[in-house]
A.B. asks: 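Just passing along the structure, written as structure tokens.
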Amino acid sequence: MNEDLELGGIMAFTKQNLMSLIKVAVDNNASDIHIRSGEKPCLRLSGELIPIQTKVFSPEDVLEISKIVLVKNELIENIENLNEYDGGFAIQGLCRIRYNFFRYDKKIGLIFRIVKNVIPSLKDLGLPSVLGRMANERRGLILVTGPTGSGKSTTLAAMINQINETRTCHIITVEDPVEYLHPQKKSRVTQREVGKDTANFTIALRQALRQDPDVILIGEMRDPETIQIALKAAETGHTVFSTVHTTNALTTIGRIISMFPPEEQQDVRKRLATNLMGTISQRMLKKTTGKGVAIAQEIMVAGPGIRECIEGSEPLERIVDIIQEGFGPGGNGSQSFDQHIMWLFENKIIDKATALDAATSQADFMQKLQFD
């Protein structure tokens with residue numbers, strides 16, 4: 001979308017003006033709203049920042065917006081000394097907002113992340129059926145990876161929602177902050193927010209193992225202690241979901257191993273080889289229509305070959321070939337990014353330029369096009 005989006009003229013900024021801005025964002029399927037002093041607000045649409053056709057927001061406007069969202073009196077009273085702050089709020093019947101308040105160059109900025117009230121299904125997201133099979137695993141570790149803004153939280157929410165709709169079990173999530181709110185369906189869902197319901201991930205995860213869980217979702221694998229607890233949970237018969245800020249299966253496994261000192265790495269390799277059920281790495285690509293995004297995924301389903309690579313009896317790099325061998329009829333559901341990108345292109349979900357730009361090797365991709 002190249003045209004500026006429209007928002008009616010604003011004089012003094014009010015709560016109603018903010019609600020109107022957020023509604024414009026939701027109606028246009030934006031993922032984020034950027035608000036900065038001395039600039040027009042922008043929406044992130046299909047990966048791009050698009051300005052809204054309204055007046056430039058003055059420092060006073062942005063200060064008023066900040067006071068609206070910083071609901072704690074002590075924060076508002078001390079706003080001149082506040083440099084950054086994470087928070088969130090809900091708008092009944094519309095969405096939830098996760099926001100970050102920050103200062104830059106003596107100005108105020110706000111980023112709003114829009115979290116929709118309705119949790120999409122895996123089918124709604126157009127994701128492969130193997131993700132449903134992964135969600136049904138009764139033990140083990142499943143990781144969703146990718147850069148910030150690649151839809152990891154949405155994919156995880158869809159997988160947790162499938163469990164919630166099909167199993168009578170106890171699901172515990174530890175998040176910073178809580179994004180999607182899961183209603184009680186067939187399962188009992190306990191959602192805990194770091195800083196609000198618990199002091200930190202480590203304490204919450206240790207306690208989670210005493211709270212009779214079947215499924216544990218950890219917002220992010222941030223440190224060796226979190227990884228150790230996640231592995232322990234998987235080893236003791238729980239299904240554990242989490243995220244890592246890595247680009248693919250190979251870098252994910254390498255990152256986890258490298259977090260530990262050399263003398264502990266072989267033990268971590270063995271535990272990871274035994275308990276890792278799969279990785280889902282993803283990125284967002286523009287759809288051919290120009291509206292919305294397609295999720296391109298590398299999916300690694302762990303089997304004997306993958307486990308040998310992780311524990312070190314085979315080169316770790318061989319994982320790339322094993323993933324490719326698992327694609328298509330008769331495979332185990334694994335797929336490389338390039339295999340999925342080709343499928344998206346052949347089904348006219350993305351165009352050739354987008355496919356080439358996203359492919360791991362443009363030369364290999366072009367060669368495959370010539371032979372298809």
Side-chain angles (χ1 to χ4, degrees), residues 31 47 120 122 125-135 137 140-160 179 217-222 226-227 230 234 239-259 272-273 275-286 293-303 305-307 309-310 315-328 331-345 349-350 354-355 357-362 364-365:
S31 61
L122 293 170
L125 296 172
L127 300 179
S129 60
V130 67
L131 269 63
R133 298 204 302 272
M134 281 188 178
E137 290 285 354
L141 178 63
I142 298 162
L143 299 175
V144 179
T145 85
T148 301
S150 59
K152 298 186 296 295
S153 296
T154 303
T155 296
L156 275 174
M159 295 177 82
I160 293 296
E179 295 198 34
L217 183 147
I218 306 167
E220 184 183 344
M221 293 279 222
R222 296 185 173 184
T226 303
I227 295 167
T239 310
V240 182
F241 295 87
S242 191
T243 70
V244 186
H245 287 288
T246 46
T247 55
N248 55 39
L250 193 60
T251 58
T252 301
I253 294 164
R255 171 76 61 83
I256 291 172
I257 294 168
S258 68
M259 283 188 185
L272 197 59
N275 294 289
L276 184 63
M277 296 293 108
T279 63
I280 303 153
S281 304
Q282 58 187 54
R283 62 183 77 152
M284 299 286 201
L285 302 179
K286 280 187 187 178
V293 293
I295 302 173
Q297 293 181 323
E298 176 208 76
I299 299 173
M300 183 196 78
V301 179
I306 295 291
R307 302 194 190 288
C309 295
I310 296 173
L316 197 59
E317 293 74 18
R318 206 169 86 77
I319 284 174
V320 176
D321 294 330
I322 297 172
I323 288 172
Q324 291 176 341
E325 290 164 6
F327 182 66
N332 66 358
S334 294
Q335 62 184 26
S336 69
F337 269 122
D338 283 2
Q339 286 170 330
H340 195 204
I341 288 166
M342 178 66 80
W343 184 90
L344 291 169
F345 169 67
I349 298 169
I350 61 173
T354 300
D357 186 56
T360 306
S361 168
Q362 290 192 357
D364 288 349
F365 195 84

A.B. asks: With sequence neighbours left out, write down each residue that passes side chain to side chain contact (heavy atoms under 4.5 Å, CB included) with Ser129, or none if nothing qualifies.
C.D. replies: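 Once residues adjacent in sequence are excluded, the partners of Ser129 under the side chain to side chain contact (heavy atoms under 4.5 Å, CB included) criterion are Arg133.
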A.B. asks: Quick one, Ile253 and Met300 - any side-chain contact, counting heavy atoms below 4.5 Å?
C.D. replies: yes
A.B. asks: Is the side chain of Arg307 donor-acceptor paired with the backbone N or O of Leu276 at a distance under 3.5 Å, no angle test?
C.D. replies: yes
A.B. asks: Residues in salt bridge (Lys or Arg N to Asp or Glu O under 4.0 Å) with Arg255, at least two apart?
C.D. replies: none
A.B. asks: Going from CD1 on Ile227 to CG on Leu272, what distance comes out if it is rounded to the nearest 0.5 angstrom?
C.D. replies: 8.5 Å
A.B. asks: Only counting residues at least two apart or in another chain, list the ones meeting side chain to side chain contact (heavy atoms under 4.5 Å, CB included) with Asp357.
C.D. replies: none
A.B. asks: Examine the side chains of Asp338 and Ser336 and answer whether a donor and an acceptor come within less than 3.5 Å of each other.
C.D. replies: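 No - no donor-acceptor pair under 3.5 Å links their side chains.
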A.B. asks: Work out which heavy atom in Ser334 is nearest to a heavy atom in Val301; give both atom names and the distance.
C.D. replies: OG-N, 3.0 Å
A.B. asks: Apply side chain to side chain contact (heavy atoms under 4.5 Å, CB included) to residues Glu298 and Gln335 and explain how you reach the verdict.
C.D. replies: CA-CA 5 Å; Glu298 176 208 76; Gln335 62 184 26; 5.9 Å; no
A.B. asks: Listed by chain and number, what are the side chain to side chain donor-acceptor pair (under 3.5 Å) partners of Thr252, not counting sequence neighbours?
C.D. replies: Thr246
A.B. asks: Using the side chain to side chain contact (heavy atoms under 4.5 Å, CB included) criterion, which residues pair with Ala355? Sequence neighbours excluded.
C.D. replies: Ile341, Phe345, Ile350, Phe365
A.B. asks: Between the side chain of Arg283 and the main-chain N/O of Ala296, is any donor-acceptor distance below 3.5 Å?
C.D. replies: no
A.B. asks: Identify the two heavy atoms, one from Leu316 and one from Cys309, that lie closest to each other, and give their separation to 0.1 Å.
C.D. replies: CD1-O, 3.5 Å
A.B. asks: For Val293, what residues pass the side chain to side chain contact (heavy atoms under 4.5 Å, CB included) criterion, not counting sequence neighbours?
C.D. replies: Ser46, Met284
A.B. asks: Could you tell me whether the side chain of Gln282 and the main chain of Gly151 form a donor-acceptor pair under 3.5 Å?
C.D. replies: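 Such a contact is found between Gln282 side chain and Gly151 backbone.
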A.B. asks: If you measure from CG on Leu122 to OG1 on Thr155, what distance do you get to the nearest 0.5 Å?
C.D. replies: 8.0 Å
A.B. asks: Who are the side chain to side chain donor-acceptor pair (under 3.5 Å) partners of Thr354, not counting sequence neighbours?
C.D. replies: Asp351
A.B. asks: Identify the two heavy atoms, one from Thr154 and one from Pro120, that lie closest to each other, and give their separation to 0.1 Å.
C.D. replies: CG2-CG, 3.6 Å
A.B. asks: Quick one: CE on Met277 to CG on Leu143, what's the gap to the nearest 0.5 Å?
C.D. replies: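 Here the interatomic distance stands at 11.0 Å.
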A.B. asks: Can you check whether Leu131 reaches Leu125 side chain to side chain, under 4.5 Å on heavy atoms?
C.D. replies: no
A.B. asks: Go through the structure and list residues passing side chain to side chain donor-acceptor pair (under 3.5 Å) with Ser281, not counting sequence neighbours.
C.D. replies: Thr145
A.B. asks: Could you tell me which non-hydrogen atom of Ala273 sits nearest to which non-hydrogen atom of Ile310, and how far apart they are?
C.D. replies: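 Distance-wise, the nearest heavy atoms are N-CG2, 3.7 Å.
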A.B. asks: Give a yes or no on whether the backbone of Ile218 and the side-chain of Ser242 come within a donor-acceptor separation of less than 3.5 Å.
C.D. replies: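 Here the side-chain-to-backbone pair exists.
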A.B. asks: Taking only residues two or more places apart in sequence or in another chain, which ones pass side chain to side chain donor-acceptor pair (under 3.5 Å) with Ser150?
C.D. replies: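 Testing Ser150 for side chain to side chain donor-acceptor pair (under 3.5 Å), a comparison that skips the adjacent residues, returns none.
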A.B. asks: If you round to the nearest 0.5 Å, how far is CZ of Phe337 from CD of Gln324?
C.D. replies: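 Reported value, rounded in 0.5 Å steps: 12.5 Å.
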A.B. asks: Treating Lys152 as the side-chain partner and Pro147 as the backbone partner, does any N or O pair qualify as donor plus acceptor under 3.5 Å?
C.D. replies: yes
A.B. asks: Take Leu141 and Met221 through the test side chain to side chain contact (heavy atoms under 4.5 Å, CB included) and record every step on the way to the result.
C.D. replies: CA-CA 12 Å; Leu141 178 63; Met221 293 279 222; 3.9 Å; yes
A.B. asks: For the pair Ile142 and Val240, evaluate side chain to side chain contact (heavy atoms under 4.5 Å, CB included) and give the outcome as yes or no after the intermediate values.
C.D. replies: CA-CA 6 Å; Ile142 298 162; Val240 182; over 6 Å; no
A.B. asks: Any side-chain to backbone donor/acceptor pair from His340 onto Gln297? Under 3.5 Å, distance only.
C.D. replies: yes
A.B. asks: Could I get the full list of salt bridge (Lys or Arg N to Asp or Glu O under 4.0 Å) partners for Arg222, not counting sequence neighbours?
C.D. replies: Asp176, Glu220
A.B. asks: Hey, does Met134 have a side-chain heavy atom less than 4.5 Å from the side chain of Ile299?
C.D. replies: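 Ile299 vs Met134: side chains touch.
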A.B. asks: Quick one: pull up CD1 in Ile306 and CG in Asn332 and give me the separation to the nearest 0.5 Å.
C.D. replies: 8.0 Å
A.B. asks: Report the distance from atom CZ of Phe327 to atom CE of Met342, rounding to the nearest 0.5 Å.
C.D. replies: 9.5 Å
